[in-house]
Amino acid sequence: QVQLVESGGGLVQAGGSLSLSCAPSGRTVSSTTMGWFRQAPGKEREFVGGTSWSDGRPYYAASVEGRFTISREITSNTVYLHLASLKPEDTAVYYCAATPRGGRPVARYQYDSWGQGTQVTVSS
């Protein structure tokens, strides 16, 4: 496991955008896939999107497809989540996660390293 650190959360108006970043603390991430999840109050943590370290090809949950973009920067070992056209229902704590699994994992149990989360609040 590796400790991940997210940053970039905050308060934004509906329709606005925000970028989050995720980087390992201490050592290089050797995981195959990086994922983003979110958890709204009273709800289960849900998959947002992920990307493969090797080819950088992202994949997304249907709820954010076309609005959110995932990218990664190999030299800095950082993964980004750009959130656009934000809606109040996007309000949640956003987590990044890492896993040695390939094959586009989307389930929480498939990831073994997690960040502490960063709050994103979208006002109407």
Side-chain angles (χ1 to χ4, degrees):
Q1 295 185 355
V2 62
Q3 184 175 1
L4 303 171
V5 180
E6 303 99 337
S7 61
L11 174 65
V12 62
Q13 288 187 333
S17 61
L18 203 62
S19 289
L20 309 180
S21 64
C22 171
S25 174
R27 65 180 177 91
T28 301
V29 173
S30 60
S31 299
T32 299
T33 304
M34 297 294 292
W36 286 95
F37 288 74
R38 67 185 180 184
Q39 188 165 15
K43 294 188 176 182
E44 295 290 319
R45 192 171 300 185
E46 64 174 356
F47 176 76
V48 172
T51 187
S52 164
W53 270 117
S54 60
D55 60 21
R57 292 177 62 186
Y59 55 105
Y60 304 96
S63 59
V64 306
E65 182 87 51
R67 300 190 299 122
F68 292 7
T69 304
I70 293 174
S71 60
R72 94 270 191 253
E73 186 177 86
I74 294 177
T75 54
S76 63
N77 235 15
T78 301
V79 176
Y80 300 94
L81 176 65
H82 181 67
L83 303 81
S85 301
L86 282 162
K87 307 173 183 179
E89 51 263 43
D90 293 318
T91 294
V93 177
Y94 283 71
Y95 299 87
C96 71
T99 176
R101 298 172 185 258
R104 299 190 161 200
V106 301
R108 182 177 177 177
Y109 76 87
Q110 294 176 302
Y111 289 80
D112 55 13
S113 296
W114 292 84
Q116 81 288 352
T118 185
Q119 177 71 46
V120 172
T121 303
V122 184
S123 63
S124 59

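Summarising the geometry, atom CG belonging to Leu81 is positioned 11.5 Å from atom CE belonging to Met34; distances are rounded to the nearest 0.5 Å. To the nearest 0.5 angstrom, Trp114 atom CH2 is 5.5 Å from Arg108 atom CZ. To the nearest 0.5 Å, atom OG1 of residue Thr78 and atom CD of residue Glu73 are 6.0 Å apart. Of the inter-residue distances, the one linking Leu86 atom CG with Ser124 atom OG reads 13.0 Å to the nearest 0.5 angstrom. Separation of atoms CG (Leu83) and OG (Ser17) is listed at 8.5 Å; rounding is to 0.5 Å. Here Ser52 contributes atom OG and Arg72 contributes atom CZ; the two are 7.0 Å apart, rounded to the nearest 0.5 Å.
Ile70 is connected to Val120 through a chain of hydrophobic side-chain contacts under 4.5 Å among Ile, Leu, Val, Met, Phe, Trp and Tyr, so both are in one cluster. Note: the hydrophobic cluster containing Leu18 also contains Tyr60 (ILVMFWY, side chain heavy atoms under 4.5 Å, direct or indirect links). In the hydrophobic clustering of ILVMFWY residues, with side-chain heavy atoms under 4.5 Å counting as a link, Phe68 and Tyr111 come out apart. Placement of Val106 and Leu4 in two distinct hydrophobic clusters is found when ILVMFWY residues are connected by side-chain heavy-atom separations under 4.5 Å, directly or transitively. Transitive grouping of hydrophobic side chains (ILVMFWY, heavy atoms separated by less than 4.5 Å) keeps Trp53 and Val5 in distinct clusters.
Pairing each heavy atom of Ala40 with each of Ala92, the nearest pair is N-CB, 3.8 Å. Of all heavy-atom pairs between His82 and Ser19, the closest is ND1-OG, 2.7 Å.
Under a 3.5 Å cut-off, the side chain of Glu44 and the backbone N or O of Gln39 do not form any donor-acceptor pair. Using modelled atom types, no side-chain atom of Thr121 and backbone atom of Leu11 make a donor-acceptor pair closer than 3.5 Å. Remark: side-chain polar atoms of Thr99 are not paired, donor with acceptor, to backbone N or O of Asp112 under 3.5 angstrom. Listed for the Glu6 side chain is a donor-acceptor partner under 3.5 Å among the backbone atoms of Cys96. Between the side chain of Thr33 and the backbone N or O of Arg101 there is at least one donor-acceptor pair closer than 3.5 Å.
Salt bridge status for Asp90 with Arg67: present, with a side-chain N to carboxylate O gap under 4.0 Å.
Using a 4.5 Å cut-off on side-chain heavy atoms (C-beta onward), Val48 and Tyr95 make no contact. Inter-residue side-chain proximity for Leu20 and Thr118 is flagged as met; some heavy-atom pair is nearer than 4.5 Å. In this structure, the side chains of Tyr80 and Thr69 stay at 4.5 Å or more apart for every pair of heavy atoms.
Using cut-offs of 30° and 60° for the angle between ring planes, the Phe37 and Phe47 rings count as perpendicular.
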Report task. Begin from the C-alpha positions of Arg38 and Ser63 and carry the test side chain to side chain contact (heavy atoms under 4.5 Å, CB included) through to its verdict. Result -> CA-CA 12 Å; Arg38 67 185 180 184; Ser63 59; 3.7 Å; yes
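In Glu65, the CD atom is crowded: over 12 heavy atoms of neighbouring residues, nucleotides or ligands sit closer than 6.0 Å.
No donor-acceptor contact under 3.5 angstrom links the side chains of Tyr59 and Arg104, judged on distance only.
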